[in-house]
Amino acid sequence: MTERIALERMSYGPAAVGRRADGKTVFVEGAAPGDVVEAEIVEEKPSFARARVASILEASPMRADAGRGCLALCGGCPWAHLSYEAQLEAKRANVADALVRTAHLDAARVEGLVASCAPSKRTWGYRNKLELGACTGENGRFMLGFYREGTHDLETPDSCPLAHKNIARAPKALRGALRFAQGAQDLGIFRVGVRGSVRTNDVEVALWTPPGPFPRTHVAGMVKSALKATSVVRVLADPGKARAIKGVEALEGRGWWEEQVGGARLVATAPSFFQVNTAQAEKLIACVIEGLGGRMGEDGPEGLDDLLIADLYAGGGTFSVPLAQAGAEVLAVEAAGSSVRDLRRNADMNRVDLEVIGGDAARELPELGGLDALVVDPPRAGLADGVVESIAAAAPERVAYVSCNPATWARDVARFESQGYRLTSVQPVDMFPQTYHVEVVSVFERL
């Protein structure tokens, strides 16, 4: 069944949103705001329907120029059909909508709070990391590529246009190298991580396998040759969602990857998290420093002298190191063992003093005492129950909250405002062009 639909806006997802003649909301993948399409209904729900574009009757001016889109079938560029200006507008609108719908803030207040989305200089070729899935195909051949979102279907493009040039062709290069290295033997590789820096020229390949025998030297040599890798590591873990890490082995090179971020050199060891868009990560750092009362000077961050600042979910020190460079006394809290080790190494490399606290943020926070300011950059699930209350008990004057999920962030905004804090600024930052994902840097002040 098809129906004529006029699209009004983008959802926080791959689809544009419109309404049927009966008033029911329809999410149409592949459409843009301003399009009028003939849509094929693929799923009916009581309150909405899902559809795909059968034909475009009237094309929106918000569509990208022909030929600019990604031709890969993996679904990793769901907004590539939108002009970049339309992407930025839609991301700001989604952040504002989350504040109104989830945090229940007044729409007029939200309009004044949410800044324009900070654009990325690179809209293609910006990713410093690729996550590749691996399996054995029906024909017994080793397969390496990208899983389509929400499926177990592995697409195998030769390259990724979102990735930096030094790793863009990693899917094809590593697929061939690992096929040759394996021969008729299944080495159990189920995931491959690739990190590349255009600033340091480091390239690291992380091979995820179950524990057990492995031809380390042979495989490392093939991988190094295929991608000019400066580091090859093996992450020992069992396949599955949990992926409990049982060990990491350096097969070739230093065993870590290094990046230049602003005035800091930061290393990351697999499987530690690192922001995938380095240039935009610098904008996140600047927003946090300035939101806490500091500034980005010619020689780096400054203006936070003698402030006691806690950095929760600190990772490898993306915020902790610049905060310390700005003069703050920093308490960096991180639970993941690999990231704790990276934190200590990065503090030493950049010659700053950090107090590194290895542990869960919710458990460690009540022990930190009175704070002048606090930074939180939690996972997509946002802050756990009780964390906002613990932050309020520590009574920092300002809180900088960095989020990659507008929905859970907006839920936490409501929690902060109920605990005596007021949201004073919201800066969306486009870390992920050609996708619907958006990063948010927000600042709260204690009333």
Side-chain angles (χ1 to χ4, degrees), residues 69-77 124-149 151-198 200-239 243 248-257 268-271 276 434:
C70 175
L71 301 178
L73 301 175
C74 65
C77 308
W124 295 95
Y126 62 85
R127 286 188 66 97
N128 60 38
K129 183 181 183 183
L130 292 175
E131 288 286 351
L132 305 172
C135 66
T136 301
E138 294 181 359
N139 58 3
R141 299 188 77 196
F142 176 77
M143 307 294 289
L144 186 70
F146 302 98
Y147 285 106
R148 289 187 64 87
E149 187 172 1
T151 77
H152 296 289
D153 300 329
L154 190 70
E155 303 290 347
T156 56
D158 288 343
S159 63
C160 175
L162 295 183
H164 283 333
K165 59 185 179 181
N166 58 352
I167 62 170
R169 297 192 63 80
K172 181 179 181 180
L174 292 177
R175 188 183 307 130
L178 291 173
R179 276 178 182 169
F180 185 83
Q182 289 196 138
Q185 178 186 10
D186 183 2
L187 298 179
I189 298 171
F190 62 89
R191 178 182 176 188
V192 177
V194 185
R195 281 183 169 133
S197 168
V198 296
T200 67
N201 293 318
D202 271 16
V203 174
E204 181 177 78
V205 178
L207 307 174
W208 291 61
T209 79
F214 192 80
R216 296 170 177 80
T217 303
H218 173 59
V219 172
M222 295 298 300
V223 168
K224 179 180 179 180
S225 175
L227 209 60
K228 298 181 180 178
T230 56
S231 176
V232 182
V233 300
R234 180 189 179 202
V235 181
L236 307 179
D238 292 324
R243 291 178 182 166
V248 178
E249 298 176 345
L251 307 183
E252 175 71 35
R254 294 174 300 182
W256 66 76
W257 175 77
T269 55
V276 302
Q434 317 309 331

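What you see is a predicted model, and the numbers here were worked out from it, not measured in a lab.
- Sorted by first and then second residue, the side-chain hydrogen bond (donor to acceptor under 3.5 Å, both in side chains) pairs with a member in residues 213-223 read Arg216-Glu249; sequence neighbours excluded.
- By the side-chain contact (heavy atoms from CB on, under 4.5 Å) test, Ser225 is found to be paired with no residue, residues two or more places apart in sequence or in another chain being considered.
- Shown here for Val235 and Ala206, the closest heavy-atom pair between the two residues is CG2-CB, 4.3 Å.
- When the side chain to side chain donor-acceptor pair (under 3.5 Å) test is applied to Thr136, no partner is found at least two apart in sequence or on another chain.
- Taken to the nearest 0.5 Å, the CE atom of Met143 stands 4.5 Å off from the OG1 atom of Thr156.
- Scanning all heavy atoms of the two residues, the minimum distance from Trp124 to Cys77 falls at CZ3-SG, 3.9 Å.
- Remark: Thr230 engages no residue in a side chain to side chain donor-acceptor pair (under 3.5 Å) (not counting sequence neighbours).
- Note on residues 159-171: no pairs pass salt bridge (charged side-chain N to carboxylate O under 4.0 Å, His left out), not counting sequence neighbours.
- Shown here for Asp238 and Pro210, the closest heavy-atom pair between the two residues is OD1-CB, 4.1 Å.
- Partners of Thr269 under the side-chain contact (heavy atoms from CB on, under 4.5 Å) rule, at least two apart in sequence or in another chain, are Trp256, Ser272, Ser338, Asp342, Arg345.
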Cut-off 3.5 Å, no hydrogens considered: what does the side-chain donor-acceptor table look like for residues 178-185, sequence neighbours left out?
| from | atom 1 | to | atom 2 | distance (Å) |
| --- | --- | --- | --- | --- |
| Arg179 | NE | Phe142 | O | 2.7 |
| Arg179 | NH2 | Phe142 | O | 3.1 |
| Gln182 | OE1 | Leu187 | N | 3.1 |

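- The salt bridge (charged side-chain N to carboxylate O under 4.0 Å, His left out) contacts involving residues 128-141 comprise Lys129-Glu131, Glu131-Arg191, where partners must be two or more places apart or lie in separate chains.
- Taking 4.5 Å as the limit, some side-chain heavy atom of Thr209 sits within range of a side-chain heavy atom of Leu236.
- For Asp158, the salt bridge (charged side-chain N to carboxylate O under 4.0 Å, His left out) partners two or more places apart in sequence, or in a different chain, are Arg175.
- Between Leu144 and Ala134, the shortest heavy-atom distance links the atoms CD1-CB, 3.8 Å.
- For the side chain to side chain donor-acceptor pair (under 3.5 Å) test, residues two or more places apart in sequence or in another chain that qualify with Glu252 are Lys224.
- Considering every non-hydrogen atom in both Gly196 and Ile167, the closest pair reads CA-CG2, 3.7 Å.
- Partners of Glu149 according to the side chain to side chain donor-acceptor pair (under 3.5 Å) rule, which considers only residues two or more places apart in sequence or in another chain, are Tyr436.
- Two residues are said to be in side-chain contact when any heavy atoms from C-beta on lie closer than 4.5 Å; Asp202 and Ser231 fail this criterion.
- Shown here are the side-chain contact (heavy atoms from CB on, under 4.5 Å) partners of Phe146, two or more places apart in sequence or in another chain: Cys74, Leu130, Leu132, Pro157, Cys160, Pro171.
- Here CG of Leu174 is found 10.5 Å from CE of Met222. Values are rounded to the nearest 0.5 Å.
- Pro239 has its side chain out of reach of Trp208: every pair of non-hydrogen atoms, C-beta onward, lies at least 4.5 Å apart.
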Practice prompt. Go through the steps to decide whether Val233 and Glu204 satisfy the test side-chain contact (heavy atoms from CB on, under 4.5 Å), and finish with yes or no.
Written response: CA-CA 8 Å; Val233 300; Glu204 181 177 78; 3.9 Å; yes
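- Nearest heavy atom pair, residue Asn166 against residue Ser197, reads ND2-O, 3.2 Å.
- Summarising the geometry, atom CG belonging to Leu162 is positioned 4.5 Å from atom OH belonging to Tyr126; distances are rounded to the nearest 0.5 Å.
- Residue Trp257 holds its CH2 atom at 4.0 Å from CG of Asn128, rounded to the nearest 0.5 Å.
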